[in-house]
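One structure is given here, and the rest of the page talks about it.
These values consider heavy atoms only, across backbone and side chains, with no hydrogens, waters or symmetry-generated copies.
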Amino acid sequence: MALVSIEKQPVAGAELPPQDDGARAGGPAERAAQAPASEAELLGRLLAVRFKNHGADLKRSLVQLVTTATPFIALLVVMGVASRGAYWLTLLLAIPTGGLLVRLFIIQHDCGHGSFFKSRAANDFLGRVLGVLTMTPYSSWKQGHAVHHATTGNLDRRGRGDIDMLTVDEYRALTPLRKLAYRLYRNPFVMVLLGAPITFILLQRLPTGPAFRNREARHSILLLNVALAAVFGLPMILFGVLPVLMTYLPVTIISSWIGNWLFYVQHQFEDAYWERDGEWNFHAAAVRGSSYFVLPPILRWFSGNIGMHHIHHLCSRIPNYRLRACFKSAPELARIAKPITLLESLRCWRLALWDEQSRLLVRFRDLKPQAA
C-alpha cells in the first residue's frame with residue numbers, strides 16, 4: 001500500500017509556495033536525497049528564529065474567539081429547536097457546527113502552547129473553558145501534546161500524544177492475534193469512524209496511563225467530568241436528556257472525525273521523518289516529519305491553518321492566525337516541505353509500517369514474504 005507518487009496539483013483556491021523545478025522532481029527517495037537531515041536542521045533553526053517575532057496579538061485573538069464562539073452557540077440553539085420537529089435540519093447544521101468546534105479546539109490547542117494570549121493565566125483559563133465544549137481535559141492534553149512535539153519522528157520515544165506506528169520488523173515479530181489487532185487499529189474505518197468519537201466522548205473521561213500517574217493531569221480529567229455534568233446536566237433537566245444528546249453528539253462526532261483526519265495526515269505520509277534517538281533532530285523532524293496539508297481557504301479557516309503543520313512544529317508559540325504569514329515569508333521551505341492534497345490524504349491511510357531500510361512508510365501488502 002505504498003503512497004502513489006503523483007505530481008502535486010494545487011487544490012482549487014489553495015496556494016502552494018514558490019519552488020524551483022528540482023524541488024518537485026522524483027519520488028520520495030529522491031526528495032529525501034535532495035533534502036538531507038543536515039540541511040533540514042539548518043533551515044529549521046534559521047526559520048525558528050525568524051518566526052519568533054510572530055507572537056500573539058490580543059485584538060486578533062479576541063476577534064477570532066468571538067467570530068468562532070458566537071456562530072457556534074447560535075447554531076447549537078437552532079439545532080436544539082429543530083431537533084423537536086425537523087431533525088434532518090439538526091443533522092445538516094451539525095456539519096458546519098462541527099467545523100466550528102474544530103476551530104475552537106485549535107484555539108484551545110494554541111492556549112496549550114501558550115500562543116493564543118501573551119498571558120499564561122489567560123491561556124490556561126480559556127483552554128479549560130473550551131475544554132468543556134471539546135470534551136478534552138486541558139492540562140492532561142497539554143502535557144501529552146508537549147511530549148508529542150518533543151518526540152515527533154523519534155522511533156525510540158513513541159507512545160504518547162501520537163498515533164501508534166510499528167516498524168516492519170516490530171510488526172513481523174508480533175503474534176498473529178496482535179497483528180490482526182494492529183491492522184484493525186490502522187484501518188481508517190476503525191480509527192476514524194469509531195475510534196475518534198470513542199476517544200473524545202468516553203476515553204478522555206478516564207485517567208489512565210501517564211494521566212493516572214500525574215496528579216495535575218488526573219485532576220484535569222476529573223474536574224472536567226464534573227464540569228461536563230454541570231454544563232450539560234442543566235439543559236438536560238430543562239429540555240430533556242434526548243434532545244440535548246441528539247443535538248450535541250452529532251457535532252462532537254463530526255468534529256472528532258475531522259480532527260482525527262487532520263492529525264493523521266500531519267505525520268503519517270510516505271517519506272516522513274523517523275530516526276532512532278541518537279540520530280533524531282528536533283528541527284529536521286519539524287520540517288521533514290510534519291506535512292503541509294494543502295487546503296482550500298474555507299477549510300483553512302475552519303482548521304485554523306493547522307495544515308501548515310511543519311511551521312507549527314518549528315515554532316509552536318506562533319498563534320494559528322499568524323501561520324500563513326510565516327508560510328509566505330519562507331519560500332525556501334518548499335524544497336523540503338511535504339505538500340499533501342486532499343486526494344493524497346486519502347492514499348495516506350493505506351500506509352501503516354515504517355520500513356527502516358527504504359526509509360518509507362509502507363503498506364501491509366508491500367511486505368515481502370520472509371525466507372523460511
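- The structure places OG of Ser220 at 7.0 Å from CZ of Arg128, a figure rounded to the nearest 0.5 Å.
- Rounded to the nearest 0.5 angstrom, Asp366 CG and Asp355 CG are separated by 9.0 Å.
- For Arg205 (side chain) and Met135 (main-chain N/O), a donor-acceptor pair under 3.5 Å exists by modelled atom type.
- For the atom pair CZ (Arg350) and CG (Asn187), the distance works out to 13.5 Å, reported to the nearest 0.5 Å.
- In terms of heavy-atom proximity, Thr136 sits nearest to Trp141 at CG2-CB, 3.6 Å.
- Cluster annotation: Val226 is not connected to Leu202 through the hydrophobic network of ILVMFWY side chains, with a link wherever side-chain heavy atoms come within less than 4.5 Å.
- Put simply, Leu46 and Val49 are part of two different groups of oily side chains (I, L, V, M, F, W, Y) that touch within less than 4.5 Å, one to the next.
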Is there a side-chain contact (heavy atoms from CB on, under 4.5 Å) between Phe116 and Ile106? Walk through the geometry before answering.
CA-CA 10 Å; Phe116 198 67; Ile106 295 299; over 6 Å; no
Decide yes or no on side-chain contact (heavy atoms from CB on, under 4.5 Å) for Trp354 and Arg359, but give the supporting numbers first.
CA-CA 7 Å; Trp354 180 251; Arg359 303 182 65 78; 4.0 Å; yes
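- In this structure the side chain of Leu130 never reaches within 4.5 angstrom of the side chain of Phe105, judged on heavy atoms.
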With side-chain contact (heavy atoms from CB on, under 4.5 Å) as the test, would you mind laying out the steps for Asn260 and Phe200 before giving the verdict?
CA-CA 10 Å; Asn260 187 276; Phe200 275 86; over 6 Å; no
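- Residues Val63 and Leu323 do not share a hydrophobic cluster, clusters being chains of Ile/Leu/Val/Met/Phe/Trp/Tyr side chains in contact below 4.5 Å.
- Counting only distance, with no hydrogens or angles, the side chain of Ser256 and the backbone of Ile253 share a donor-acceptor pair below 3.5 Å.
- To the nearest 0.5 Å, atom CG of residue Leu360 and atom CG of residue Leu353 are 12.5 Å apart.
- For the pair Trp261 and Leu346, the minimum side-chain heavy-atom distance is below 4.5 Å.
- In this structure a side-chain-to-backbone donor-acceptor pair under 3.5 Å is present from Asn123 to Ser119.
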With a 3.5 Å cut-off and sequence neighbours excluded, list the donor-acceptor pairs that the side chains of residues 311-320 form with protein atoms.
unit_1: His312; atom_1: NE2; unit_2: His109; atom_2: NE2; d: 3.1
unit_1: His312; atom_1: NE2; unit_2: His113; atom_2: NE2; d: 3.3
unit_1: His312; atom_1: NE2; unit_2: His149; atom_2: NE2; d: 3.1
unit_1: His313; atom_1: NE2; unit_2: His148; atom_2: NE2; d: 3.4
unit_1: His313; atom_1: NE2; unit_2: His267; atom_2: NE2; d: 3.3
unit_1: His313; atom_1: NE2; unit_2: His309; atom_2: NE2; d: 3.2
unit_1: Arg317; atom_1: NE; unit_2: His113; atom_2: O; d: 3.2
unit_1: Arg317; atom_1: NE; unit_2: Gly114; atom_2: O; d: 3.2
unit_1: Arg317; atom_1: NH2; unit_2: Gly114; atom_2: O; d: 3.1
unit_1: Asn320; atom_1: OD1; unit_2: Gln64; atom_2: NE2; d: 2.6
unit_1: Asn320; atom_1: ND2; unit_2: Gln64; atom_2: OE1; d: 3.1
unit_1: Asn320; atom_1: ND2; unit_2: Asp110; atom_2: OD2; d: 2.8

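- In this structure, Arg186 contributes its side chain and Leu351 its backbone to a donor-acceptor pair below 3.5 Å.
- Within the 4.5 Å cutoff, no side-chain heavy atoms of Tyr264 are placed close to those of Val192.
- Residue Trp349 comes nearest to Pro188 through the heavy atom pair CE3-CB, 3.5 Å, listed as atom of the first residue, atom of the second, then distance.
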Walk me through whether Tyr321 and Ser61 qualify under side-chain hydrogen bond (donor to acceptor under 3.5 Å, both in side chains).
CA-CA 8 Å; Tyr321 50 77; Ser61 293; 2.6 Å; yes
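- A salt bridge does not link Glu275 to Arg288: none of the charged side-chain nitrogens sits closer than 4.0 Å to a carboxylate oxygen.
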Please walk me through it: do Glu332 and Leu47 pass side-chain contact (heavy atoms from CB on, under 4.5 Å)?
CA-CA 10 Å; Glu332 58 268 48; Leu47 291 179; 3.7 Å; yes
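- Side-chain atoms of Met165 and Tyr182, non-hydrogen and from C-beta on, do get closer than 4.5 Å to each other.
- A donor-acceptor pair under 3.5 Å links the side-chain atoms of Asp156 to the main chain of Asp277, judged by distance alone.
- Two different hydrophobic clusters hold Phe125 and Leu228 under the rule that ILVMFWY side chains link at heavy-atom gaps under 4.5 Å.
- Residues Arg276 and Glu356 are paired through a salt bridge, judged by an N-O separation under 4.0 Å between the basic side chain and the carboxylate.
- Between Tyr248 and Leu133, the closest side-chain pair of non-hydrogen atoms falls below 4.5 Å.
- Nearest heavy atoms, Pro71 versus Val66: CD-O, 3.9 Å.
- By the 4.5 Å heavy-atom criterion applied to side chains, Leu58 and Lys118 are not counted as neighbours.
- Of the residues Arg178, Lys179, Arg158, the one that meets the salt bridge (Lys or Arg N to Asp or Glu O under 4.0 Å) test with Glu170 is Arg158.
- The heavy-atom pair separating Gln108 from Gly131 by the smallest distance is NE2-CA, 3.6 Å.
- The two residues Pro137 and Leu224 have their closest heavy-atom pair at N-CD2, 3.2 Å.
- Nearest approach of Ile163 to Tyr185, heavy atoms of both residues: CG2-OH, 3.5 Å.
- Of the inter-residue distances, the one linking Leu65 atom CG with Leu104 atom CG reads 7.5 Å to the nearest 0.5 angstrom.
- Between the side chain of Arg103 and the backbone N or O of Gly99 there is no donor-acceptor pair closer than 3.5 Å.
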Contacts under 3.5 angstrom, residues 75-95 side chains, donor-acceptor by atom type, not counting sequence neighbours:
unit_1: Ser83; atom_1: OG; unit_2: Gly80; atom_2: O; d: 2.6
unit_1: Arg84; atom_1: NH2; unit_2: Phe239; atom_2: O; d: 3.1
unit_1: Tyr87; atom_1: OH; unit_2: Met246; atom_2: O; d: 2.8
unit_1: Thr90; atom_1: OG1; unit_2: Met79; atom_2: O; d: 2.9
unit_1: Thr90; atom_1: OG1; unit_2: Ser83; atom_2: N; d: 3.1

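- A distance of 7.0 Å separates NZ in Lys142 from CD in Glu216, rounded to the nearest 0.5 Å.
- Residues Glu344 and Val265 are not in side-chain contact: their nearest non-hydrogen atoms beyond the backbone lie 4.5 Å or more apart.
- With a 4.5 Å cut-off on side-chain heavy atoms, Arg215 and Arg218 count as touching.
- Placement of Ile298 and Leu342 within a single hydrophobic cluster is found when ILVMFWY residues are connected by side-chain heavy-atom separations under 4.5 Å, directly or transitively.
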